[in-house]
Amino acid sequence: MTSKEAAMARTITAGLDGSPESQAAAGWAAREAVLRDAPLRLVHALGQPYPCAPPGDLLRPALGLDAHSRWADRMLGETEATLARRHPGLRITADRVTEEAVPALLGAAGEAGLLVLGSRGPGRVAGFLTGSVALAVVAGSRRPVALVRAGLRPEEEHQPRAHGSGVAPFRDVVLGLNSDAPNGDVIGFAFHEASRRGARLRVVHGRSPELPYYDNGGDLNAALHAQLVGDMHRALSEALGPWRAKFPGVEVTEQAVIGRAGSHLVAASRDASLLVVGRRRRRTPIGPVIGPVDHAVLHRATAPVAVVPHD
């Protein structure tokens, strides 16, 4: 890897379309870059169907390439200036690329340590970046991708501040983990994020019980339930052991859940600064896909969600 490639691999990149949610993503990406002491790159794809007008304006109709380019340059420049004022010393670059949104963002993700996109937030109709484009990027990226909901304020990432105190501590980083197949890339990402924030790492790990775990009434057999939970804790302890040793300053708590993990992770996201989940790299006849747990948290979680791909 060349020095330029190494620098790009550390970069935090935010995809911008001018919408409030993409501006929230850029703000979060800037804060993440400061935590990592990494540069920030802002990217806008000229191949998008239309640019979004600034907040408060109606969506503009499709623009010609020249007009779109001028609009994109102005939008990127204004965002760069705003973030530079908030974070003096942060290294920021801004680029517009001519490709369609999905290949442009996948290309940007491949060169970055983390790609950050905007999300309309739970319960709202998906917008441009959070609809088919964002899901396609999450499904196809070989690098981590974070989605940030519109309206996220920096103080929401922190615990309530006591009167007269200084900067409040970060809320927990929540890691969603499959006890059957815990992955080191996903675990390592979560430990790094918790360490950077000085935050507690809360590991929500689950398993869907097979039919024999149920009695004739359809309820989970108490003895087998206890055995299942014990097996889960032992598997998790083995998976987390090396990372606990590497990050002795990170406090770790565990929550074992039986059944569908998506709803538990959505609930955990309500008081988290970041939710981390994994995505197995897999292709189907219709192309790359995301699993049901990732799909649930991407659509319903309130905290920023980082999706970490793995084999």
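Side-chain atoms are counted along with the backbone in the values below, which use heavy atoms only and exclude waters and symmetry mates. Note that the numbering runs from 1 along the sequence shown for the chain.
- Inter-residue side-chain proximity for His158 and Ser273 is flagged as unmet; no heavy-atom pair is nearer than 4.5 Å.
- Here the side chain of Arg96 pairs no donor or acceptor atom with the backbone of Leu76 at under 3.5 angstrom.
- For the atom pair His299 NE2 and Leu135 CG, the distance stands at 5.0 Å (nearest 0.5 Å).
- Around CD of Glu155, the count of heavy atoms belonging to other residues, nucleotides or ligands within 6.0 Å exceeds 12.
- Between Leu175 atom CG and Trp243 atom CH2 the span is 11.0 Å, to the nearest 0.5 Å.
- Under a hydrophobic clustering in which Ile, Leu, Val, Met, Phe, Trp and Tyr are joined whenever their side-chain heavy atoms come within less than 4.5 Å, directly or via other members, Phe170 and Val148 fall into different clusters.
- By the side-chain contact (heavy atoms from CB on, under 4.5 Å) test, Arg244 is found to be paired with Phe191, Leu240, Val252, Glu254, residues two or more places apart in sequence or in another chain being considered.
- Between Glu157 atom CD and Glu32 atom CD the span is 9.0 Å, to the nearest 0.5 Å.
- Note on Leu35: it does not cluster hydrophobically with Leu90, by side-chain heavy-atom contacts below 4.5 Å among ILVMFWY residues.
- Side chains of Thr13 and Glu111: no donor on one and acceptor on the other come within 3.5 Å.
- Formation of a donor-acceptor pair under 3.5 Å by the His310 side chain with backbone atoms of Asp185 is not found in this model.
- At most 12 heavy atoms of other shown residues, nucleotides or ligands fall within 6.0 angstrom of atom CZ in Arg142.
- Formation of a donor-acceptor pair under 3.5 Å by the Arg143 side chain with backbone atoms of Leu115 is not found in this model.
- Pairing each heavy atom of Val116 with each of Ala29, the nearest pair is CG2-CB, 3.8 Å.
- Side chain of Ser269 to backbone of Val266: a donor-acceptor contact under 3.5 angstrom is found.
- Hydrophobic clustering, with ILVMFWY side chains joined whenever heavy atoms are under 4.5 angstrom apart, groups Phe247 together with Leu236.
- Rounding to the nearest 0.5 angstrom, the gap separating the CG atom in Asp172 from the CG atom in Leu201 is 8.0 Å.
- Closest of all the heavy-atom pairs between Leu274 and Pro304 is CD1-O, 3.4 Å.
- No donor-acceptor distance shorter than 3.5 angstrom exists from the side chain of Arg202 to the backbone of Thr253, with no hydrogens or angles considered.
- Rounded to the nearest 0.5 angstrom, Asp311 CG and Arg280 CZ are separated by 8.5 Å.
- In this structure, the side chains of Ser69 and Leu46 come closer than 4.5 Å at one or more pairs of heavy atoms.
- For Asp17 (side chain) and Ser19 (main-chain N/O), a donor-acceptor pair under 3.5 Å exists by modelled atom type.
- Using a 4.0 Å cut-off between charged nitrogen and carboxylate oxygen, Arg41 and Asp95 count as a salt-bridge pair.
- Of the charged side-chain nitrogens involved, none lies within less than 4.0 Å of a carboxylate oxygen, so that Arg171 and Asp271 do not count as a salt-bridged pair.
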Exercise. Dump the intermediate steps for salt bridge (Lys or Arg N to Asp or Glu O under 4.0 Å) on Glu193 and Arg36, then the final yes or no.
Key: CA-CA 9 Å; Glu193 292 300 317; Arg36 297 186 182 206; 2.8 Å; yes

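- Side-chain atoms of Arg279 come within 3.5 Å of backbone N or O of Ser141 as a donor-acceptor pair.
- The NE2 atom of His87 sits 10.5 Å away from atom OG1 of Thr82, with the distance rounded to the nearest 0.5 Å.
- Taking the six-membered ring for Trp and the full ring otherwise, His68 and His44 have centroids separated by under 6.0 Å.
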Exercise. Carefully, step by step, assess Val277 and Val305 under the rule side-chain contact (heavy atoms from CB on, under 4.5 Å).
Key: CA-CA 7 Å; Val277 294; Val305 179; 4.2 Å; yes

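- Side-chain atoms of Val174 and Val276, non-hydrogen and from C-beta on, never get closer than 4.5 Å to each other.
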